[in-house]
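The block underneath contains the structure these notes are about, expressed in C-alpha cells.
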Protein chains: 2
Amino acid sequence: MIDPHNHNLGRNHILDSLSATEYNHLSPLLELVALSLGEVIYEPVDELRYAYFPITCIVSMLYVMESGASAEIAMVGKDGIIGVSLFMGGGTMPNRAVVRSAGYAYRLRAELLLQEFNRAGGCRNGALHELLLRYTQGLITQIAQTSVCNRHHFVDQQLCRWLLSSLDRLPSNELIITQELISNMLGVRREGVTEAARKLQQAGLIDCHRGRITVLDRPGLEARTCECYHVVKTEHDRLRLSPRHAQLPSYIPLYKDGLVRSESLSNRQA
Amino acid sequence: MIDPHNHNLGRNHILDSLSATEYNHLSPLLELVALSLGEVIYEPVDELRYAYFPITCIVSMLYVMESGASAEIAMVGKDGIIGVSLFMGGGTMPNRAVVRSAGYAYRLRAELLLQEFNRAGGCRNGALHELLLRYTQGLITQIAQTSVCNRHHFVDQQLCRWLLSSLDRLPSNELIITQELISNMLGVRREGVTEAARKLQQAGLIDCHRGRITVLDRPGLEARTCECYHVVKTEHDRLRLSPRHAQLPSYIPLYKDGLVRSESLSNRQA
DNA sequence: CTCAGTCGGTACGGTAACGCACATTAGGTA
DNA sequence: TACCTAATGTGCGTTACCGTACCGACTGAG
C-alpha cells in the first residue's frame, strides 16, 4: 500500500493543519483508500459511514434534477473534507458526492470523526472542530460564488474558473476528464464546453485531447476567468491560513458602489 | 418598546428551540432592534459586532459584482441568524447582508454569541452550538439550490420560489418590495420580473401594486415553482425539527437515474 | 392642486445558450 | 488489420433573456 506522505503526492490541508499531537492521535484511525472515477461517495439520503479527506482525488458535490440535468455545487479536493453533514448535524445532504478525478483519500469512520470533532481542547473546542468549521465557511463561499457565476458569467469564463479550481487541487497540470463530464458539472450543453475549450485551445492556453486537458498557460486562464475564481481562492486561502481570527484579504472586490450600498436599496449604478 | 413575544409577531426559530433554562440565560443578553429597509448589516470585510436573530424582518445575503450587478445568495428571516461567520471562525464573509423587508430582530453581541456557542453542555457542546450548526447546514442547502436554480430554471419559476421563500418568513401574505428590488435579488432585468409578475397576476395568483405584492393563491405559486423551493423547504424543516439525527425527508427528489448514478459518470439519460 | 419622481408596463433588436442532428477522429479491441 | 465506440467538432433554427428606450400611472411632497 502506498503512503502518500512518502510519495510526495501532497496531503490533505485539514489534516496537515493539526498539531503533531492531534495528528498522531488521529492518524492510526485514518484509512487510505483509492477512489476511482465515477464512484459515488453518498447519495441524497445516505447516512454517511465515513468522512473522506481527499489527497489526490477530486470529489464533486452535485445536484441532479428531476429532469436528469445536473449542476455542480462545489468541488472538494485536498483542501477539504467530504461529509460536512456529519458534524453540522444534519446527517445527510440533498445532493450527490461523486469522484470526478481518481486518486487517493483518507477516510475516517463517522463516529470517530464526531468524537474528535466534539473533543474539547482544554475548556474550548478542539483544533479539528475549528478547522472543520472554518473549512465549511470556505465551502459556503465556494457554493455562493458558483451561484453568482451561474447567474452572470459566460460559459467561457466559467470554464476557466472550473479549470483553475480543479488545477488547484491536482498534482499536475493535466485533467483527466471529458468535455461531456465538464458540461454536466457546469450544467451547460456539451457543445458549449467544446466551443469554449476550442477558444482556449486556439489561444494556446490549453491542449484538449480525448478526455485529457493539459493546461499550458495558467496565467492566461486567470486573465480570462471572472472575479468568482479569485474571490473563492482568496477567501479559501484566508480561512486556511488564519489560525484564529482571519486578517482581511488583500483582494477586496466588493467595495464598488453597487446596489444597496448604504441606506438606499435602489441606488443602482452600472 | 414592543415585545414581539406578546404581540404574536412570531419569534425566532433558533431561539425558540432552546430549552427554557438556556433561553432564560440568553434572553437578558438579547436586544430588540428595529431594522429598516435597505439597512446594511455587514459589508464584505466587516468584522461583525453583533449577530442578528430576525423575528419579522428578512435579510438578504447578496453578492455585488465589480460591474455593479448583484445576486442574492440566501435569505434569512425568523428561521435563522445573520452572522454565521462569527461562529464558523472566519470573522467575515465576502458578501453583503442587507435588510430587504423591514421588521424586528434580536441582536446579540458577537463575543457573547461566541461564548454561548462554545459553552459546553455536560461533556458535549451545548444546544445553541448544535442549533446554529444545523441551521448553517440548511443555509448551505439554500445557497446550493439557488445556484442550481440560477442555472436551470426560468425566471418565472424563480420568481415563484422567491415569493414563496419570502412568504415563509413573513407574518402576512403581503410583501413590501418593488419589482426592481426583486430583479436585483434574482440577478435579472427588472423587465424580466415585470413580465413574470404579469403572468402570475393574470393567473390570479398575486396582486402587484407599486411596491406591494399580495399573494392570493399560495398553492398556485407552489404548483408553478421549480423543485428547488421544495428541496430547500423540506430540508429546512427536517433540520429544524430533528433534535439529533434527522429522519429522512418524505420528499426525496433525487433518486432519478440521472447523471453519475452509480459506477459510471457518463451514463446520462434525460 | 400641481409637480416631480418612483414604479411598472411595453416594445424591439441583439445574443448567448439551447436542442437537435450529424460528421469526424482517436483509441481500444477483436 | 479492420472495426466499433467514445469523444470531439460543426451547423442551424429556436428561445429566453438582455440592453435600451420610452411611456403611462400612481404617490407623496409642496
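Proteins get letters first, then strands, A, B, ... in listed order; numbering begins at 1 in each.
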Task: Donor/acceptor link under 3.5 angstrom from R189(A) side chain onto base of dG19(C) - done: yes
Task: T194(B) side-chain proximity, nearest of dG8(C), dC18(C), dC17(D) - done: dG8(C)
Task: Whole-Å gap separating P (dG9(C)) and CG (L200(B)) - done: 12 Å
Open item on the list: Checking R161(A) against Q157(A): is there a side-chain donor and acceptor pair closer than 3.5 Å?
Closed with: no
Task: Atom-to-atom span, CD of Q202(B) to P of dG8(C) - whole angstrom - done: 16 Å
- [ ] Specify the separation, in whole Å, of atom CD of Q158(B) and atom C1' of dA16(D).
- [x] 12 Å
Open item on the list: The side chain of F154(A) is closest to which nucleotide in this list: dC17(D), dG8(C), dA16(C)?
Closed with: dA16(C)
- [ ] Would you tell me if any nitrogen or oxygen in the side chain of R212(A) comes within less than 4.0 Å of OP1 or OP2 on dA7(D)?
- [x] no
TODO: Can you tell me the distance, in whole Å, between the NZ atom of K199(B) and the P atom of dG8(C)?
DONE: 18 Å
Open item on the list: Can you tell me which nucleotide in dC17(D), dT8(D), dC18(C) comes closest to the side chain of T178(A)?
Closed with: dT8(D)
Open item on the list: Treating primed atoms plus P, OP1 and OP2 as sugar-phosphate and everything else as base, which nucleotides of nucleotides 23-30 of chain D get B, S or - for protein heavy atoms under 4.0 Å?
Closed with: --BBS---
TODO: State whether R198(B) places a side-chain N or O below 4.0 Å from either non-bridging phosphate oxygen (OP1 or OP2) of dT10(C).
DONE: yes
Open item on the list: Donor-acceptor check, side chain of Q145(B) to backbone of E227(B), threshold 3.5 angstrom: yes or no?
Closed with: no
Open item on the list: When you compare the side chain of T146(A) with that of E72(A), does any pair of heavy atoms fall below 4.5 Å?
Closed with: no
Task: Value rounded to 0.5 Å, distance of CG in L200(A) from CG in D156(A) - done: 7.0 Å
Task: Any N/O donor-acceptor pair, E191(B) side-chain to dC12(C) base, under 3.5 Å - done: no
- [ ] Report the distance from atom CG of L159(B) to atom CD of E195(B), rounding to the nearest 0.5 Å.
- [x] 11.5 Å
TODO: Could you tell me whether E180(B) and R190(B) have a side-chain N and a carboxylate O separated by less than 4.0 Å?
DONE: no
Task: Spacing between L186(A) atom CG and dA17(C) atom C1', to the nearest angstrom - done: 13 Å
TODO: Scan G192(B) against the nucleic acid and name what it touches under 4.0 Å (heavy atoms): base, sugar-phosphate only, or nothing.
DONE: nothing
Task: Distance below 4.0 Å between Q179(A) side-chain N/O and dG9(D) OP1 or OP2 - done: yes
TODO: Figure out the CD1/C1' separation between I176(A) and dA7(D), and round it to whole Å.
DONE: 14 Å
Open item on the list: Is the shortest side-chain heavy-atom distance between K199(A) and L205(A) below 4.5 Å?
Closed with: no
- [ ] Figure out the CG/C1' separation between L181(A) and dA7(D), and round it to whole Å.
- [x] 12 Å
- [ ] May I ask you to evaluate whether Q201(B) reaches the phosphate of dG8(C), defined as a side-chain N or O under 4.0 Å from OP1 or OP2?
- [x] no
TODO: Find the distance N150(A):CG to dC17(D):C1' and express it as a whole number of Å.
DONE: 16 Å
